[in-house]
Each structure stands twice: as C-alpha cells, then as structure tokens.
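Report on one structure; see the data block that follows.
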Amino acid sequence: MSKRPYYITTAIAYTSGKPHIGNTYEIVLADSIARYKRFVGYDVRFQTGTDEHGQKIEIKAFENLSTPKEFVDDVSSQIKGIWDLMNTSYDKFIRTTDEDHEKQVQKIFKKLYDKGDIYKGEYEGMYCTPCESFFTQSQLVDGKCPDCGREVQPAKEEAYFFKLKKYTPKLIEYINSNPDFIQPESRKNEMMNNFLLPGVQDLCVSRTSFKWGIPVDFDPKHVIYVWIDALSNYITGLGYKVDEPSDENFKKYWPADLHLIGKDILRFHTIYWPCMLMALGLPLPKQVFGHPWLLQGNNKGNKMSKSRGNVIYADDMVDLFGVDAVRYFLLHEMPYENDGLISWELVIERINSDLANTLGNLVNRTISMSNKYFDGVVTNSGDSQPVDEDLKKVVMDTRLKVNTCMDKLRVADAITEIFNLFRRCNKYIDETEPWVLAKDDEHKDRLNTVLYNLVESIIVGASLLEPFMPETSEKILKQLNAEKRRVTELSSFGLYPSGSKVTSEPEILFARIDTEKMLDEIEIRFPSKEEEPEEEKPKKEKKPELKIPTIETKQKEEITIDEFNKMSLQMGEILSCEEVKDSKKLLCSQVQVNGKVLQIVSGIKNYYTPEQMVGKKVVVITNLKPTKLAGVLSEGMLLCAEDFNGDLALLTAEKDMPAGAMIS
RNA sequence: GGCGGGAUAGCUCAGUUGGCUAGAGCACAUGGUUCAUACCCAUGGUGUCGAGGGUUCAAAUCCCCCUCCCGCUACCA
C-alpha cells in the first residue's frame, strides 16, 4: 500500500533582509508538522523558499550598490542558511527567480489572459488624482469621488487586472462548506466580513513602475506583480506545467494539505490564491493556517525593537543555546491563536527548567545509575510492582495525546505531553528509590526492572520528540544504545532488548545556564542601545518582514508649470496640536501661515505626538479646498515624505524661514 | 467609524457544549531525598477569573453596559 501524500508549505520569505526570530518561527513550526507527518506514515512534501521580486528589492539593491539579482542571491542564501541551521527538513527550496518558475508564471499569466480572466485596464474615469485612488463605477457618488466629492479623471497608467469578482461567489461557497479551510476561525470571520461579503475589486496584477519582476511576455513593459508571481510558487515548485503534462509531484501532492503562513498574509492566501486556482481549473488547498506572531518582549526593562538594534536573530540564539533549545522554545512557547512573547530571559528560563532539569537530568541520572549499579547493562528481570503500571500507562498514552494535539495543529500542547512523560519518569525514580534498592542484593531484580522501565520509557519519549527536537532525540537514543521507535511500535512497552548496554560516559544534553552571567554575555554581544531620553514615538506601525509589500508609487502624468503654480505652498508654524477624537491616525494642528491660522488634519498620529508637532516649521499647501476628516474641518495639507516601510517624516526648510514664506 | 479577538496566580499561558473546593509550567516557601546538571519528589496561594449589572439551582464560561489592549478594515487633502 502506498503512503498517503501530505503537502505542506510555508510562505516564501521576502528577500529584503535577514529574517529575525519571529520569521524563523514559521519554518520551524512547519518542520515539526512535516516531521511528525512523516513519522506517522505520510509521504510528505515540504516546501519553502524565497520571494525575490518587487520594487522594494530593486531599491534595496540600488542602495547596496548591487544588481537586484546579486542582492537576492545573497539574501536568499542567508535565509536558506538559517533554515538549514534550524535543522529544517524541507524537500524543496523554491526561489521566484528560478528559471522554471518564471517561465510557468508567464504562462499562467498568458493563460488567464487568453481565457479572459485577466484584462488590460485603463482606470478611465475612475481615478481621483488628489486621493490617488481608483474607484469602480459603483463606488462613485453622483459620478464623483466618494471620498472628496471631486471630479474623477481618466488615469494614464495601464495595468492588467484579474477578475477576482468573477470567482468570489464560488469561493464564499467553498469557505462555507469547508469550515476548517481558514484557521484559526476568527481569521475566517475577518476575511468574510471585511472582503468577501462586502464585495471585492478586481485585482491589479501587473506594474509598469518598476522593472525587477517577471515580464509579461506579450507586453514587456509590464512586470507581473507579486500575487501571481509569489503565490504560484506552491504549484510551480511541484512541477505544475500550464501547457504540457505536469510533473508526477504535482499529480501526487496537489492540492496542498496545509499552507502555513503568518496571519498578516491570510487575505492573499484565502482570497486571491483560491480565486487564481479556480481560474486555472485547479483544486483548492485543504487548509490555510494563519499562525500568530512571536513578539519580542521586555528584557530587564529594555524594550527590544528594531530601531534599538537589539532584534533577536535565530542564528545568534542558536550560537548561544544550540538548535534544539531554540526549536523547543519556539514550538513550546507559541500559543495557538494569540501572539507569543520571546525574550532572552524567557528562553533561558525554559532551557533551565525544561531542558536541563526535567529532560537532561533525567537521562543523565538514569544512565548514571545503570552504570553505577550494573556497569551500564540494562536487564528486564520482570520483577514488576503495582507502581510500575501508572508509569507504563502514562508512557503508552502519550502517543495518542500527541497525535490528538498534532491533528489540531496544537504543536505546543503536543510537546507539553511529551514532557509530561519525562516528568512522570522523574517521579517514578522517586517512588521506586533505586538507591535504596541498591543497598540490598536481594532487590537486584527489582532494581534491574526499575532501570529497564526507565530506559524504555525514555526511549518512547525520545522517539516522540524527534519531530520537534531531532538532534536531542538522536543523542538520547544513542546514549541509550537504542533505535528510534517507529510509530507502530509505540503501543508496546518493553521492546528494548534486555541486556543492552548504555553509554558509560553520558554527555550532558543541556547545561544549566547561569542567568546573570548569560545576560551579561548577551549584553556584550548584542548591546542594547541607550534609551533615548525622549519618550518614544507612540505605537509605531508593526510591519512584518514577510509582508508582501503593497505600497506602490504611481508615475503621475506630466504637468505644466502653470499647473504647478496653481498650488500655494508656504512655510507654516504649528502653534498647537491635538489628537482627533474617534480617529486612529489623525492629528489636528493649528498652523500659522502669513497672519492667518489654518486648521489642518493629518494622518500622522502614529509617527508624531501632538507635543512633538508644536513649534515645527513645516511645508503646507494652503489653497486646498477645505474638507472634513472624521468630522473635523481641515483647511490644508502638511507635506510628508514616506519611505517603503511606511515611515513618515514631515518636510521642513533647510534653514529657518518665517511662517508664511512662499515656496516655489 | 465598521467587524472581530483579548483582559484568568508574581511571570508565560490552559480552561471544551455554563456544574463539584478555578488549572499547568516557571518563580517563591516549607518538607523529603541524594542516583543526577545545587537536581528530583511532595505540599502550599488571601487569584475580587478587567469594572458593573442581569439570566440561572449553578457563570471565568450566556446576555447587557463600561474601561483598557490588539487585529482586520475604512479614513489619513
């Protein structure tokens, strides 16, 4: 009988920089699931990789004085290096710059175009220049911009669109009839309530504003935007072919059993991707799980943040603690639905209590006793007592408990079950008191049996531990001179050959860590920058690295100097500023310009506090038609620069100029 | 503004369809033990289960309202 296939994927990592510990969590989580599925008998295909196109990379490469290709080659190999360091067992590492991937993506694009599901759009009559937004006819109010009520105009930039709308009714049906498709459930509600039920717009799937991407082969000034390019990796990586027979792997493994992704990119995987698949006539993945994030918690009162430069990276952590300790922490500490916390202190605490004390010490004391009392020879003399029964029951039950957890993707709980087994072993030692038995030759058989039961129990535990901590599992088995149990062998107690000899020199699996010393060492290696005296900016937007960038810069149409002169740009001084009630991003400023004071509302609350605003001399458009924002009158606009991380900066003059100074 | 999710022991978190004295791990305290990595085992809490109301024989769990966090979304001239 052939094994059942199981196809699991992670999101492909965006090659804009080194992934931090939170990004690394995903690959380790996927790895534990993949290894577990293999363990229980599935024919597993596990795919990961890197997403390497887009404007952000074009820019990063430019800043780095390299070509985009050189840049992504470097970052991609860094990412792969970390995945390997974490001992992840992926079968395929796909890169979106792979030749066969690019070729198929072009064909997918062409196929959808030929089919009529991709069409060329012109934005005609639907673009509001001041709002920089596109609207469909149905969204317009009296034929005008629904936001500002101004005339909308035809826009110049052409782009290709995918007919998302055509497929959403079928998708809604699919989601309703497959309640487990989107996990956790709260995310399903978000997708339904925010997008599917209100109705979606067709998706723009090409760009002309940058070059670093897969060209549309029949219209080369366009590159294929991230949706079709990146999402297709899940099928091109299996050898899907548009116009010839696909590879065996595709036939065998598609549809995917599980797309494991961060919760931030659920929309792309549960709406865009399924609709694309429907358009291609392919079956939909069985499940998409949007896992929570691992956030960096406080460390001795020092907030960890990227701006302070003390971000935790997986390789640094592995350097200090070893792979399996880091894997253990990631897998054990992460809750199912809410975000988890990571800090150096939490990691050390977990290593000491769980890995060094409970597990490491158990293995060590068991081997020591075997050596001390029987020269390392473990014999099953069959001298059982009632107290053994509970131990055996716990050991035998663990397999099923682990399986139940893993079926629900409750990886953290599965690990806890395995450690409960080890805890039970420690208790068993206390109950049986081998050192007392050792004092009397009469109890030799009993002592033998006790140690045998212990070794046997540890072997079962170590076998179950393999998907989560492969190296540790192997080390334990090696020290006990035992083979890893297969899943079918886990229901019998006593398979360890009586008379086997354990190692005479047990190796410490996890050394206890001196927390103080280690934290000092960490401070030396990764110094946290000095606290800025100023209060930090309120609630900086969290932008995960893996997020598919959605910011685009539109090439605006040419204007004449006369048109430019219509704008009145002046220096303004902010006299006072307050938050706008009932809004999340708005600040309302009173701005002195040329004797008059304008009230201006700006969406910059996440970047400046009202206190920081006061006194600043900024660039203001003073002849904008007043409008209301969140019910508050706004009589102009403060100019800001925005980078690709969404960070904002107000524009000011290079030297001090009075309020009201004209700008031209 | 719309939708959704949180708020449980000092810390990180579990608590299934409402049901016996509210749980785990860590930390802390006491006792036991010595095979072991100062380890292991046992015992221990005055936790207002965010505040307030309600339904019920019974509410952390259901309903209403409030406060504070968070996510998605809209808005951000």
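These numbers come from a predicted model, not from an experiment. In the text below, chain A, chain B and the rest are named by the order of the sequence lines, each starting its count at 1.
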**Report entry** Watson-Crick and G-U pairing of RNA chain B, under 3.5 Å, as dot-bracket with | and [ ]
**Finding:** (((((((..((((.....[...)))).(((((.......))))).....(.(((..]....))).))))))))....
Query raised in the report: Reckon A/R424 touches a base, only the sugar-phosphate, or nothing at all at heavy-atom distances under 4.0 Å?
Result: nothing
Report task. Between A/L359 and A/L346, just flag the one whose closest nucleotide in RNA chain B comes earlier from the 5' side. Result -> A/L346
Query - Geometric class of the A/H291/A/F289 ring pair [parallel <30°, tilted 30-60°, perpendicular >60°] - result: tilted
Query - Separation of the P atoms in B/rG54 and B/rC26, to the nearest angstrom - result: 41 Å
Report task. Check every strand shown and say whether A/L509 touches a base, only sugar-phosphate, or nothing at a heavy-atom separation below 4.0 Å. Result -> base
Query raised in the report: Rounded to the nearest 0.5 Å, how far apart are CD1 of A/I351 and CZ of A/F510?
Result: 8.0 Å
Query raised in the report: Is A/R267 near enough to B/rU73 that one of its side-chain N or O atoms lies under 4.0 angstrom from OP1 or OP2?
Result: yes
Query raised in the report: With a 4.0 Å cut-off, would you call A/E433 and A/R446 a salt bridge?
Result: no
Query raised in the report: Is A/N364 near enough to B/rC35 that one of its side-chain N or O atoms lies under 4.0 angstrom from OP1 or OP2?
Result: no
Report task. Could you check whether the rings of A/F268 and A/W227 sit parallel, tilted or perpendicular, using 30° and 60° as the cut-offs? Result -> tilted
Query raised in the report: When all nucleic acid strands are considered with a 4.0 Å heavy-atom cut-off, which category describes A/N426: base, sugar-phosphate, or nothing?
Result: sugar-phosphate
Requested in this report: On RNA chain B, check which nucleotide each of A/T416 and A/K372 is closest to and give me the residue with the more 5' one.
Outcome: A/T416
Requested in this report: Pick base, sugar-phosphate or nothing for A/F510, based on heavy-atom distances below 4.0 Å to the nucleic acid.
Outcome: base
Query raised in the report: Out of B/rG15, B/rA36, B/rC26, which nucleotide sits closest to the side chain of A/R410?
Result: B/rG15
Requested in this report: Considering only atom P, compute the distance from B/rG1 to B/rG19 and round it to an integer number of Å.
Outcome: 35 Å
Got a list of protein N/O to nucleotides 29-32 of chain B N/O distances below 3.5 Å?
none

Report summary line: Looking only at B/rC40, B/rU34, B/rU37, the nucleotide nearest the A/N357 side chain is B/rC40
Query raised in the report: Would you say a side-chain N or O of A/K427 is under 4.0 Å from OP1 or OP2 of B/rA42?
Result: yes
Query raised in the report: Can you tell me how far C1' in B/rG47 sits from the matching atom in B/rU21, rounded to whole Å?
Result: 14 Å
Query raised in the report: Got more than 12 heavy atoms from elsewhere within 6.0 Å of NZ, A/K616?
Result: yes
